[in-house]
Amino acid sequence: MNAIHTLYAAYAARIDAVLAALEAEGHLPAGCPRGNVAVEPPRDPSHGDLATNAAMVLAKPAATNPRALAEMIVEKLAADPLVESAEIAGPGFINLKLTPANWLAELAAIAAMADGYGKSTMGQGRRVNVEYVSANPTGPMHMGHCRGAVVGDALASLLESAGHEVIREYYVNDAGSQVDTLARSVHLRYREALGEDIGEIPAGMYPGDYLKPIGATLAAELGGRFVGAPESEWLVDFRTRAVAGMMEQIRADLALLGIEHDVFSSEAELQAAGKPEEAEKWLRAHDLVYDGVLEQPKGKTLDDWEPVELPLFRSTKFGDDQDRPIKKSDGKWTYFGADLAYHMQKAETADELIDVWGADHAGTVKRIKAAVMALSEGQGTAIPFDVKLVQMVQLLRNGEPAKMSKRSGNFVTIADMVDEVGKDVVRFTMLARKPEAQMDFDFAKVVEASKDNPVFYVQYAHARIRSILRKGEAEGYVPSDAHLDLLTADDLALIKQAAQFPREVEAAAKAREPHRIAFYLYELAATFHAFWNLGNDDQAKRIIVAQAPELSAARLFLVTQIGQVIRNGLALLGVEAVEEL
RNA sequence: GCACCCGUAGCUCAGCAGGAUAGAGCAUCGGAUUCCUAAUCCGGGGGCCACAGGUUCGAAUCCUGUCGGGUGCACCA
C-alpha cells in the first residue's frame, strides 16, 4: 500500500492481517473496528522491538479476555520467520522481538533511499497552503516574528516531506492605515536625504533608521519636487515604493533564516479585485452579516467609546464573544473583513489552509475560523483550516532582558540575532520547544557549545560521523554492506533508533509539530554518542577495529546511514549538518 | 469580567491521538581520557504529573470545576 518502505508500517500491516484472519476464522466478530489497534515500539526496550495492544482493545468486542485472545494472535505471529519471539505481557500486551535481518534490511533501505529516507506519501499530494510570517511591511523583521517564521517554515517542510504539496505564503498588509504612516515616515526621510533637518521623528511615525535608505533612493529618483507638496500628490506613490522597499528588506531578513516563500499576496490587490465585497454580499445573503451596533466591552472602560452602526459578522453564532465588524466607520475594510476574503482566495488553490500566528492574535482565531467555515461550507465544500498559535519569546542575555538594538529604534532585529548567534542556533532553538509554550531565548546560553545546547549536541554527532569516515578513508577502509552479519547487538540498537525516523516524521506531520523532529534528533544523537563511547572501554566496539577490516567496513557503512538520518532530520528543520565542529 | 495557551524533578523542558515501574538536560554527588573529536560517555540521589471530581480494563494524557502564570479583548493589524 505504501511505496515508501517503513518497517513499522510493514508490521502494523502484518498484525492487521493476523486480525483479519482471526476474524475470518470466527474468533473475532465480523466488521470489528481495528482503528484503536496500535503497533509501536515499547518504551522499555527490554520488552522487545514492537508491542501491540490488539488483544486488549479487541477483547471486549470478541467477548473474551485479553490473554486468551493474545494467545491466538501470538500463535500466528510467531509463525513468521522474521519474528524472533512473540510474548504476552502485563495486562495483555503482545511484545515482538524481530530478527536482526529486519534491522539490517532497514539499514540497507536508508542507504538506498538516502535523502528520501523518512519521506512518505501520507499526504497523498493534498495541497496545503501554509501562511506564515506575514509581518507588516513597516519595519524590518524582529524577534516577534522569528519564532512563527521558523515554525511555519519547518512545518511546511515537514508536510512536504510527508507527501503534501505545500504553498508557502506571505500576506502583505499593504492596505491599512499603518502603511500610510509608513509613507509619511518615508517622506520625512526623503526630505532629510535632500538636506533638510527634520529633527526628532514625531510620535506616531516610524522612527527607525531603516527608512533612511528608502528615503535616499526616493530623493535620488524623484528630486525635490515633493518636498513641500501636499500629501495628496505623493502619498500613494510613496506608499507603494516604501512597501516595495520594506518587502525587499524583509525578504533579505527571511533569507538570513533560510526562509523563502512561494507566494506573496497583497491585501491592496485583494481589495482592488473586489474580493471582500464578494464575501460580504454572500454573507449578507445568508444573514451572517448585518448592520448593527456593538455593545461596550465589559470589564474595561473606554473613554472615547461611542456606539456606531457597522456591518457585523455573526461570529457569536460560532462561539465568539462578540459579533465582529468587517468594515470601519470610515467605510474601509477592517483587517478581519479583508482577511476572510483573503482566506477564500487561498482556498481557491489549496485543499487545506494553515495559518501560523503569534499568540497575541489568539483573540481573533474564532472569528476567522468561523468566517472561513461559513463561507467555504456555503460556497461548496468546507475547507480544513487550522490556526497554529506560536507563543511569545522573551529575549534574555545572561538572564536579564536583552537590550534593544539601536539601528531599529525599539526592537531586536532578526538580522542582529542571526548575526550574533547564527542561523542554525536560532532555528534549532526555536524548534526545540513546542510552539504553544512560552520560551526564553538567552543569547548567552544559546551559543554555549555544550550538551546544554541541543544544536551543538546533534551537530557534534554528525561531525563525529564525518570525522570517522574521513579517518576510515585515509586508512583505506571502504564502507560496505558486504558483512553486515558481523554487526552486534550494540550496532543493532543504533539502527533501531534510526529506524524510528520515518514514523517520527509521519507523526510530527500528522500532529503538525515540527519540534518532535528536534527531540528525535537529540535522542538519535545521544544514542550515537553512547555508541561511540563504547569504543573507549572496549577496542572491539570501536567503529574502526584494526584487526577486523570486514567488521570495520560494516560499521562504517552503519554510521554512514546514521549520518544520513541526522542530515535528513536537520534538513527538515532547516539546520545545516556540519562536517566538523 | 470574558476568551485562548500553559502548570510534570531545585531549574529548563519531553512524554509519541489513553497503555506496562513517569523521562531527558542543567544543577548536585561519584566515575571514564596512553584509545576513532571527553564539545562525549557511565552511575547515584531527586516526582501526591497544580488541586478536586468524572469517563474505563487502564488517565500526566480525555471531560467538568477550582487555583496559579502568560497573552489578548471596540471600526489596530
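It should be emphasised that the depicted structure is a prediction, and the values quoted were computed from it without experimental measurement. Each chain gets a letter, A, B and so on, in the order its sequence line appears, and its residues count up from 1.
We find that the ring of A:His47 and the base of B:rA20 stack, their centres lying under 5.5 angstrom apart and their planes tilted less than 30°. Aromatic stacking is marked for A:Phe93 over B:rA20, as both cut-offs hold: 5.5 Å for the centres and 30° for the planes.
Checking B:rA32, B:rC36, B:rC5 against every side-chain atom of A:Ile468, the shortest atom distance belongs to B:rC36. When distances are taken from the side chain of A:Asp360 to each of B:rC4, B:rA20, B:rU71, the shortest belongs to B:rU71. With B:rC4, B:rC36, B:rC41 as the candidates, the nucleotide lying closest to the side chain of A:Ala362 is B:rC4. Taking only side-chain atoms of A:Asn533, from C-beta outward, the nucleotide of B:rA20, B:rU21, B:rU40 with the closest atom is B:rU40. When distances are taken from the side chain of A:Asn53 to each of B:rG19, B:rG15, B:rU12, the shortest belongs to B:rG19. Here the side chain of A:Lys434 is nearest to one of B:rA3, B:rG25, B:rA14, namely B:rA14. For A:Ile543, taking side-chain heavy atoms from C-beta onward, the closest of the listed nucleotides B:rA38, B:rG25, B:rC36 is B:rC36. Here B:rC36 is the nucleotide among B:rA20, B:rC36, B:rC16 with the atom lying nearest to any side-chain atom of A:Ile544. The A:Phe456 side chain lies nearest to B:rA39 when the options are B:rC4, B:rA39, B:rA14. Nearest to the side-chain atoms of A:Asp321 among the listed nucleotides B:rC2, B:rU37, B:rA24 stands B:rC2.
Under 3.5 Å, the side chain of A:Asn95 and the base of B:rA20 form at least one donor-acceptor pair of N or O atoms. Residue A:His515 places no side-chain atom within donor-acceptor reach of the base of B:rA14, judged by atom type and a 3.5 Å distance cut-off alone.
Across all strands shown, B:rU28 forms a Watson-Crick or G-U wobble pair, both distances under 3.5 Å, with B:rG44. Under the Watson-Crick or G-U wobble criterion, with both distances below 3.5 Å, B:rU66 is paired with B:rA50. Applying the Watson-Crick and G-U wobble criteria (two distances, each under 3.5 Å), B:rU71 pairs with B:rA3.
Residues A:Arg147 and A:Met392 have side chains not in contact (no heavy-atom distance under 4.5 Å, counting atoms from C-beta outward). Residues A:Phe531 and A:Asp491 have side chains in contact (heavy-atom distance under 4.5 Å, counting atoms from C-beta outward). For the pair A:Leu340/A:His343, no side-chain contact is recorded, criterion being any heavy-atom separation below 4.5 Å from C-beta on.
To the nearest whole angstrom, the two P atoms, one in B:rG7 and one in B:rA14, are 8 Å apart. To the nearest whole angstrom, the two C1' atoms, one in B:rC6 and one in B:rC51, are 16 Å apart. Between B:rA27 and B:rC11, the distance separating the two P atoms is 15 Å to the nearest Å. Taking atom C1' on both B:rC13 and B:rC73, the two are 30 Å apart, rounded to the nearest angstrom. Rounded to a whole angstrom, the distance from the P atom of B:rG19 to that of B:rC36 is 44 Å. Going from the P atom of B:rG68 to that of B:rU21 covers 35 Å, rounded to whole Å. Comparing the P positions of B:rA59 and B:rA22 gives an interatomic distance of 13 Å, to the nearest angstrom.
Here A:Phe93 and A:His47 keep their ring centres 6.0 angstrom or further from each other. Ring pair A:Tyr522/A:Tyr520: centre-to-centre distance not below 6.0 Å. Within the 6.0 Å centre-distance limit, the rings of A:Tyr460 and A:His529 are counted as a close aromatic pair.
No engagement by A:Gln394 is indicated, since no non-hydrogen atom pair under 4.0 Å with the nucleic acid exists. Here A:Asn136 lies in heavy-atom contact (under 4.0 Å) with sugar-phosphate atoms only. Nucleic acid contact class of A:Ala526 (heavy atoms, under 4.0 Å, all strands): none. Residue A:Ala38 is classed as having no contact, given no heavy-atom separation below 4.0 Å to the nucleic acid. Among the protein residues, A:Asn173 comes within range of the sugar-phosphate backbone only, with heavy atoms under 4.0 Å from sugar or phosphate atoms but none that close to a base. When heavy atoms are screened at a 4.0 angstrom cut-off, A:Ser177 is found touching no nucleic acid atom at all. Counting non-hydrogen atoms under 4.0 angstrom, A:Tyr335 reaches a base of the nucleic acid. Contacts of A:Thr334 with the nucleic acid, taken as non-hydrogen atoms under 4.0 Å apart, involve only primed sugar atoms and P, OP1 or OP2. Within the nucleic acid shown, A:Glu580 comes within 4.0 Å of at least one base atom, counting heavy atoms only. In this structure, A:Lys332 reaches neither bases nor backbone, as no heavy-atom distance under 4.0 Å exists between it and the strands shown. Nucleic acid contact class of A:Ala89 (heavy atoms, under 4.0 Å, all strands): base.
A salt bridge does not link A:Glu71 with A:Arg67: none of the charged nitrogens is closer than 4.0 Å to a carboxylate oxygen. Salt bridge status for A:Glu352 with A:Arg512: present, with a side-chain N to carboxylate O gap under 4.0 Å. Ion pair A:Asp291/A:Lys327 not flagged as a salt bridge, since none of the NZ, NE, NH1 or NH2 atoms sits closer than 4.0 Å to an Asp/Glu carboxylate oxygen. A:Lys434 has no carboxylate O lying under 4.0 Å from a charged side-chain N of A:Glu513, or vice versa, which leaves the two without a salt bridge. Ionic pairing of A:Lys541 and A:Asp537 is not present here: no N-O contact between side-chain nitrogen and carboxylate oxygen is shorter than 4.0 angstrom. Look at A:Asp49 and A:Lys496 and you find a salt bridge, because one of the NZ, NE, NH1 or NH2 atoms lies within 4.0 Å of a carboxylate O, short of that distance. Taking the charged nitrogens against the carboxylate oxygens, A:Glu87 and A:Lys97 have no contact shorter than 4.0 Å, which rules out a salt bridge.
B:rA14 atom C1' lies 12 Å from atom CD of A:Glu504, rounded to whole Å. B:rU71 atom C1' lies 15 Å from atom CH2 of A:Trp357, rounded to whole Å. Protein atom CD of A:Gln322 is 10 Å distant from nucleotide atom C1' of B:rC2, rounded to whole Å. In this structure, A:Gln539 places its CD atom 11 Å from C1' of B:rU34, rounding to the nearest Å. The NE2-C1' distance, from A:His462 to B:rU37, rounds to 15 Å in whole Å. Note: CE (A:Met392) to P (B:rC4) measures 18 Å, nearest angstrom. Note: CE (A:Met439) to P (B:rG25) measures 21 Å, nearest angstrom. Distance, A:Asp440 CG to B:rC13 C1': 12 Å, rounded to whole Å.
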Considering only nitrogen or oxygen atoms on both sides, find all protein atoms under 3.5 Å from nucleotides 67-69 of chain B and state each distance.
none

Show each protein N/O and nucleotides 59-63 of chain B N/O combination with a separation under 3.5 Å, one pair to a line.
none

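Cation-pi contact between A:Arg367 and A:Phe318: absent, since separation from the ring centre below 6.0 Å together with deviation from the ring axis within 45° is not met.
Within the structure, a side-chain polar atom (N or O) of A:Tyr457 is placed less than 4.0 Å from OP1 or OP2 of B:rC41. Distances shown here put a side-chain N or O of A:Arg464 below 4.0 Å from the OP1 or OP2 atom of B:rA38. In terms of phosphate contacts, A:Ser467 brings a side-chain nitrogen or oxygen within less than 4.0 Å of OP1 or OP2 of B:rU37. Within the structure, a side-chain polar atom (N or O) of A:Arg516 is placed less than 4.0 Å from OP1 or OP2 of B:rA17.
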